[in-house]
Amino acid sequence: MNILVTGGAGYIGSHTCVALLEAGHTVIVADNLCNSSAETLERVKQITGREITFYQIDVTDAAATNTIFANHSIDGVIHFAGLKAVGESVEKPLVYYYNNIVSTMVLAQACLKYGVPRFVFSSSATVYGENQVPFVEDMPLLPSTNPYGESKAMSERILTDIAKANPDWSVALLRYFNPVGAHESGLIGEAPAGIPNNLMPYITQVAKGKLDKLRVFGNDYPTVDGTGVRDYIHVLDLAEGHVTALAKLTAGVHIYNLGTGHGVSVLQLVQAFKEANGLDLPYEIAARRPGDIAECYADASKAERDWGWTAKRNLVAMCRDAWRFEKSVSRGRFL
Ligand code: NAD
Ligand code: UD1
């Protein structure tokens, strides 16, 4: 199939491009490079030995986006393009709502105009809010504490309503848990700008000596050891979930968790990282981070039942691959 991947130069998008190309699909990327680099796409080509057509455009720009649909016979869209920094979304809500929601509407409109039957949307486990774990797809969603989370919940609702009115259209709302790790080549991975917000990139930068120690945000949660529990999933497993979604998608709206179904605490992840890589990792216990929940992990059984998809790579692989990539990042950001 010819697949349009928005945000394809980003962290999850670039790994999904690898998985799509390896599965034999043709990939067209639309990305404005606001949080990524074109070099990443060169590396995707290097890994796969395949070509990618790249448009450096903003997908909130309807005219530029429609040009892509006019130029290519697209069979499906995977919409990764979005802004994702939770704290920043509280400071700049309009920027987040505009970018994340308008891009979704522009793409949906183009799909209907050009008769593109498949739409796969990057949603997040954050839409579950403080529901009881494990999170199941049919739970009522709870309000998010930030505009980023709300932009995902609203995009889900918009796509659901459009699909109801257009019964031939197929939409997958994929709720990601916590993607970590990198391609085993060490060529692409997650290299956030500035001080990382998320745990795994923070850990790898401490291991590298760029940061002096990890601060563990709270050890008084009602969890196995008091620290926050999350469902870490290898980014390549997540990427392969998208290839499966495209293959299995039928008409209507389908919601799937993409996680492992296993919760891992901060201290368990620190221990796994140390053991997987034979490194020490200094840390201290700090105050809870505002807005954090105690536990977030998936009931991952629906994707297995319906699609035969499960995450295959374990915590050791996630830690080794994240560290291999961190060691290889020598010149700056975004690879
Ligand atoms: P990322 O920032 O690495 O990738 C997003 C890409 O989209 C970047 O390359 C950026 O340049 C591009 N982009 C942003 N706005 C754009 C626009 N208007 N037009 C064109 N390109 C634009 O982020 P990621 O971690 O790869 O996340 C991909 C998607 O998955 C996002 O929608 C994110 O909200 C969602 N998600 C991510 C996580 C996570 O932990 N990384 C978890 C749940 C959901
Ligand atoms: C964050 C986002 C969430 C998004 C998710 C996946 C926030 C508040 N939430 O959630 O919206 O869907 O990423 O991208 O940013 N931790 C530390 N020290 C650190 C960093 C993190 O102890 O330096 C802890 C956190 O308290 C948490 C766990 O590690 O318990 C994971 O944190 P993180 O990687 O930021 O992901 P989420 O909190 O799940």
Side-chain angles (χ1 to χ4, degrees), residues 5-16 29-38 40-41 55-61 64-65 78-90 95-96 98-100 102-104 106-107 121-129 144-146 148-149 151-152 155 174-180 189-193 195-203 205-206 211 213-219 221 223 227-233 235 238-239 258-259 264-267 269-270 283-297 334:
V5 182
T6 76
Y11 172 48
I12 306 171
S14 58
H15 290 82
T16 302
V29 167
D31 198 305
N32 65 2
L33 305 181
C34 70
N35 195 35
S36 54
S37 148
T40 302
L41 296 175
Y55 290 85
Q56 187 175 343
I57 62 143
D58 192 310
V59 292
T60 62
D61 178 341
T65 301
I78 309 182
H79 180 31
F80 292 109
L83 298 174
K84 62 166 183 175
V86 171
E88 188 183 55
S89 80
V90 176
V95 172
Y96 270 69
Y98 189 87
N99 194 70
N100 292 359
V102 174
S103 61
T104 302
V106 164
L107 285 161
F121 177 66
S122 296
S123 190
S124 168
T126 195
V127 299
Y128 289 110
S144 173
T145 53
N146 59 77
Y148 166 73
S151 77
K152 291 293 174 190
S155 292
L174 303 184
R175 294 178 180 159
Y176 310 155
F177 283 71
N178 289 56
V180 295
E190 186 178 23
I195 296 178
N197 294 314
N198 297 115
L199 181 58
M200 185 62 100
Y202 205 103
I203 286 177
Q205 292 198 17
V206 171
L211 297 167
K213 62 184 155 203
L214 173 70
R215 289 185 310 133
V216 176
F217 295 144
N219 66 348
Y221 286 106
T223 62
T227 66
V229 164
R230 298 292 183 269
D231 185 339
Y232 299 96
I233 174 171
V235 66
L238 188 63
L258 295 184
V264 172
S265 76
V266 176
L267 293 181
L269 187 65
V270 167
Y283 71 84
E284 66 180 15
I285 305 297
R288 290 182 179 193
R289 181 172 63 180
D292 270 359
I293 59 174
E295 295 191 286
C296 170
Y297 55 90
F334 297 149

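We count ligands from 1, going down the list as the structure has it; atoms in each ligand are counted the same way.
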Heavy atoms only, cut-off 4.0 Å: how does [X] contact ligand 1, side chain, backbone, both, or neither?
X	result
N100	neither
K152	side chain
D58	both
C34	both

Under 3.5 Å donor-acceptor, T6 side chain and A81 backbone: yes
Salt bridge (Lys or Arg N to Asp or Glu O under 4.0 Å) involving K152 - partner list, sequence neighbours excluded: none
[X] vs [Y] side-chain heavy atoms within contact, under 4.5 Å:
X	Y	value
Y96	E88	yes
L238	H15	no
D58	C34	no
Y11	V235	yes

What are the atoms of ligand 1, with element, lying closer than 4.0 Å to any heavy atom of [X]?
X	value
S123	43 (C), 44 (C)
P179	39 (C), 40 (O), 41 (N)
I57	19 (N), 20 (C)
S122	29 (C), 30 (O), 32 (O), 35 (C)
L33	11 (O)

Tell me which one of [options] gets a heavy atom nearest to [atom].
atom	options	answer
atom 36 (N) of ligand 1	Y148, Y96, Y11	Y148
atom 22 (C) of ligand 1	N197, N32, V59, T60	N32
atom 8 (C) of ligand 1	T16, N99, D31	D31
atom 21 (C) of ligand 2	V90, T126, V266, L199	L199
atom 33 (P) of ligand 2	N219, N198, V86	N198

To the nearest 0.5 Å, what is the distance between [atom1] on [X] and [atom2] on [Y]?
X	Y	atom1	atom2	result
Y98	S151	OH	OG	14.5 Å
L199	N178	CG	CG	8.5 Å
Y148	T126	OH	OG1	7.0 Å

How far is [atom] from the closest protein heavy atom, and which atom is that?
atom	answer
atom 19 (C) of ligand 2	F217 CE1, 3.3 Å
atom 39 (O) of ligand 2	R230 NE, 2.7 Å
atom 29 (C) of ligand 1	F80 O, 3.2 Å
atom 5 (C) of ligand 1	G82 O, 3.9 Å
atom 30 (O) of ligand 1	Y176 CE1, 3.4 Å
atom 27 (O) of ligand 1	I12 CD1, 3.7 Å
atom 36 (O) of ligand 2	N178 ND2, 3.1 Å

Could an N or O of ligand 2 be found under 3.5 Å from any N or O of [X], whether backbone or side chain?
X	value
R289	yes
V216	no
R215	yes
D292	yes

Residue-ligand contact Y232/ligand 2, heavy atom below 4.0 Å: yes
Contact check, S124 vs ligand 2, heavy-atom distance below 4.0 Å: yes
Would you check the N or O atoms of [X], main chain and side chain alike, for any that come under 3.5 Å of an N or O of ligand 1?
X	result
A9	no
N35	yes
G10	yes
S36	yes
F177	no

V86 and N197: CA distance, side-chain angles, deciding distance, side-chain contact (heavy atoms from CB on, under 4.5 Å) verdict: CA-CA 9 Å; V86 171; N197 294 314; over 6 Å; no
Which of these passes side-chain contact (heavy atoms from CB on, under 4.5 Å) with [X]: [options]?
X	options	result
R230	V266, I293, N198	I293
H79	L107, N100, V106, V5	L107
I57	V59, D61, T60	V59

Full working for side-chain contact (heavy atoms from CB on, under 4.5 Å) between I12 and S122: CA-CA 10 Å; I12 306 171; S122 296; over 6 Å; no
Counting each atom of ligand 2 from 1 as listed, which ones have a heavy atom of [X] under 4.0 Å away?
X	answer
G228	30 (O)
L214	18 (N), 23 (O)
N197	20 (C), 35 (O)

Worked check of side-chain contact (heavy atoms from CB on, under 4.5 Å) between Y221 and E295: CA-CA 9 Å; Y221 286 106; E295 295 191 286; over 6 Å; no
Partner set under side-chain hydrogen bond (donor to acceptor under 3.5 Å, both in side chains) for S124, not counting sequence neighbours: none
Flag if over 12 foreign heavy atoms under 6.0 Å of OH, Y283: no
Audit row: N35, K84, side-chain contact (heavy atoms from CB on, under 4.5 Å) steps and yes/no: CA-CA 10 Å; N35 195 35; K84 62 166 183 175; 4.3 Å; yes
Nearest heavy-atom neighbours spanning S155 and F121: CB-CZ, 3.4 Å
